[in-house]
Amino acid sequence: MAKILVTGGLGFIGSHTVVELINAGYEPVIIDDLSNSQHKILGQLSKIVGFKPVFYQFDLCDKQKLIHFAKSEPDITGIIHFAAFKAVGESVQNPLKYYNNNLTSLLNLLSVYSGESVDFVFSSSCTVYGQPDELPVTENAPVKPAQSPYGNTKQIAEEILKDAVTSGDAKKVISLRYFNPVGAHDSALIGELPIGVPQNLVPFITQSAIGKREKITVFGNDYNTRDGSCVRDYIHVVDLAKAHVSALKLMESNTFAGYDVFNLGTGNGNTVLEIIFAFERATGIKLNYEIGPRRSGDVEKVWGDVTKSEKQLHWKARLGIDIMMSSAWEWEKYLAENPL
Ligand code: WQD
């Protein structure tokens, strides 16, 4: 059974990917420093898959610990690297924390596994596109100057990975550019666990629906869009997780070599207000929202061209907005009854 290292494997996307790896017959090994996740997620995962995946708690920036890990787990055949700080606003306040953590962890992984034939999947982001000139945005679109240090760490990481493949330090690498991951596993046992006040739209919606937040502020309705609010490509986290299995399988085939990049979205854009109405439709709950000022750093509209992922990754998002909203709500209700 191929053993896959999943860094950040107790996080939102990481935990859902652990489930899909097991479903696909892989053996995930998790490293997580619990800086933005909870150890209890391991128990939640065991309720879904029937056993506790192997878990190591340490910071990937500690190279000696990573070297020790590699010796303890010698037969890793693939790495899915999620572990990174990801709060756009925080990265503006504390850029050095983001550059240090997000880049040192990647460099340590590439150094410790240098020259090994380990397939590498990198968690990248549509933030590398900034505000695209053309929509839907394809993987060939020019990478725009990052709007935040967080987005810059993703851009720099992609450049590092490309160079590592050129030098032979890394053999096969796929960067997956996520659009907006939302929703939760259909068991409602894992999902998004924002720390403090949610920065992202959907967890803010579910927390306001459950009564933890008084109201939702729509950050601007004066954009050049259908209803004036921003457009994003929201994708169910389970669809996103399955794409990581597809990426491993592509690299296991002899049709793949070197480095490549794939968009992970649905190919459709929805406005903020459309998401609010979709949540109300899916749950029957009336949301309390108001229109507020724009949020600095927001791009007006972005959604992905996913043709390349469909054709070459042999992957397509299947789950629609309604199940994205209903699954996110089921998870919020689970949390209200079972605080983690
Ligand atoms: C979505 C829309 C807000 C909160 C995220 C991740 C980023 C990257 C891309 C992975 C925007 C609006 C939000 C609220 C609102 N993913 N909004 N009221 O900014 O697209 O970025 O996806 O790398 O890491 O953060 O997502 O959910 O913050 O915002 O009106 O209370 O919802 O203005 O238009 P964003 P988001």
Side-chain angles (χ1 to χ4, degrees), residues 8 11-14 16 36 81-92 98 102 122-132 137 143-144 146-155 157-158 175-183 192 194-209 212-237 240-241 243 261 263-266 269-279 287-304 321 324-325 328:
F12 175 37
I13 304 168
H16 286 80
N36 189 27
H81 181 40
F82 291 107
F85 294 150
K86 63 157 196 171
V88 173
E90 185 192 35
S91 78
V92 175
Y98 273 66
N102 292 7
F122 176 64
S123 168
S124 191
S125 167
C126 66
T127 45
V128 302
Y129 297 119
Q131 177 55 66
V137 62
V143 167
K144 293 268 187 82
Q147 311 245 344
S148 69
Y150 159 77
N152 207 18
T153 66
K154 293 298 183 184
Q155 289 182 1
E158 288 193 10
S175 287
L176 297 176
R177 290 176 178 167
Y178 306 158
F179 284 75
N180 288 53
V182 297
E192 199 162 358
I195 295 173
V197 179
Q199 298 303 304
N200 294 131
L201 177 64
V202 173
F204 204 102
I205 286 176
T206 57
Q207 287 195 10
S208 71
K212 282 177 78 171
R213 307 290 162 202
E214 189 211 337
K215 63 178 174 297
I216 301 149
T217 303
V218 175
F219 296 144
N221 70 342
D222 56 352
Y223 288 98
N224 177 25
T225 65
R226 286 191 288 273
D227 58 23
S229 61
C230 289
V231 176
R232 295 289 184 277
D233 184 337
Y234 296 91
I235 176 170
H236 197 292
V237 64
L240 196 71
V261 178
N263 281 342
L264 296 187
T266 65
N270 281 105
T271 71
V272 175
L273 288 167
E274 288 168 352
I275 292 296
I276 287 175
F277 302 148
F279 182 87
L287 292 171
N288 178 16
Y289 69 91
E290 66 176 9
I291 305 296
R294 292 183 174 193
R295 178 174 71 175
S296 67
D298 273 336
V299 297
E300 180 175 73
K301 46 195 169 192
V302 59
W303 64 95
I321 281 287
M324 289 181 214
M325 297 300 113

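These numbers come from a predicted model, not from an experiment. One-based numbering, in listed order, for ligands and for the atoms of each.
Here is the list of ligand 1 atoms found below 4.0 Å of a heavy atom in Tyr150: 10 (C), 23 (O), 24 (O). Taking every heavy atom of Cys230 and a limit of under 4.0 angstrom, the matching atoms of ligand 1 come to 34 (O). Annotation for ligand 1: atoms under 4.0 Å from non-hydrogen atoms of Val218 are 30 (O).
Protein heavy atom at the shortest distance from atom 35 (P) of ligand 1 is Asn180 ND2, 3.6 Å. Residue, atom and distance of the protein heavy atom nearest to atom 25 (O) of ligand 1 are Asn200 ND2, 3.0 Å. The protein heavy-atom contact nearest to atom 33 (O) of ligand 1 is Asp298 OD2, 2.6 Å. Ranking protein heavy atoms by distance to atom 8 (C) of ligand 1, first place goes to Ser125 OG, 3.7 Å. Nearest to atom 18 (N) of ligand 1 among the protein's heavy atoms is Thr217 O, 2.8 Å. Counting protein heavy atoms only, atom 3 (C) of ligand 1 is closest to Arg295 NH2, 3.4 Å. Of all protein heavy atoms, the one closest to atom 12 (C) of ligand 1 is Val272 CG2, 3.8 Å.
Annotation: side chain of Lys301 is in contact with side chain of Gln131 (closest heavy-atom distance under 4.5 Å).
Not a single heavy atom of Tyr223 sits closer than 4.0 Å to an atom of ligand 1. Using a non-hydrogen distance threshold of 4.0 Å, Ile216 does not register as a contact of ligand 1.
Among the atoms of Arg232, some N or O lies under 3.5 angstrom from an N or O of ligand 1. In terms of polar-atom proximity, Tyr178 is not counted as a contact of ligand 1, lacking any N or O under 3.5 Å from an N or O of the ligand. Polar contact with ligand 1: absent for Thr127 (N/O pair, distance under 3.5 Å).
Closest approach of Tyr150 and Ser91 over heavy atoms only: N-OG, 3.1 Å. Listed here is the closest heavy atom pair of Gln207 and Pro194: NE2-CG, 3.9 Å. Taking all atoms of both residues into account, the shortest heavy-atom contact from Met324 to Tyr234 is CE-O, 3.2 Å.
Between Tyr98 and Glu90, the side chains place a donor N or O and an acceptor N or O closer than 3.5 Å (distance only, hydrogens not considered). In this structure, a donor-acceptor pair under 3.5 Å is absent between the side chains of Glu158 and Ser175. With hydrogens and angles left out, the side-chain atoms of Asp233 and Tyr178 include no donor and acceptor closer than 3.5 Å.
In this structure a side-chain-to-backbone donor-acceptor pair under 3.5 Å is present from Asn102 to Phe85. Formation of a donor-acceptor pair under 3.5 Å by the Gln155 side chain with backbone atoms of Asn152 is not found in this model. Under the 3.5 Å distance criterion, the side-chain polar atoms of Thr127 are left unmatched by any main-chain donor or acceptor of Gly151.
Neither the backbone nor the side chain of Lys154 has a heavy atom within less than 4.0 Å of ligand 1. With a 4.0 Å heavy-atom cut-off, ligand 1 is reached by the backbone of Leu201 and by its side chain too.
Residue nearest to atom 2 (C) of ligand 1, selected from Phe179, Phe219, Tyr234: Tyr234 (by heavy-atom distance).
The number of heavy-atom neighbours closer than 6.0 Å to CD of Glu290, taken from other residues, nucleotides and ligands shown, is above 12.
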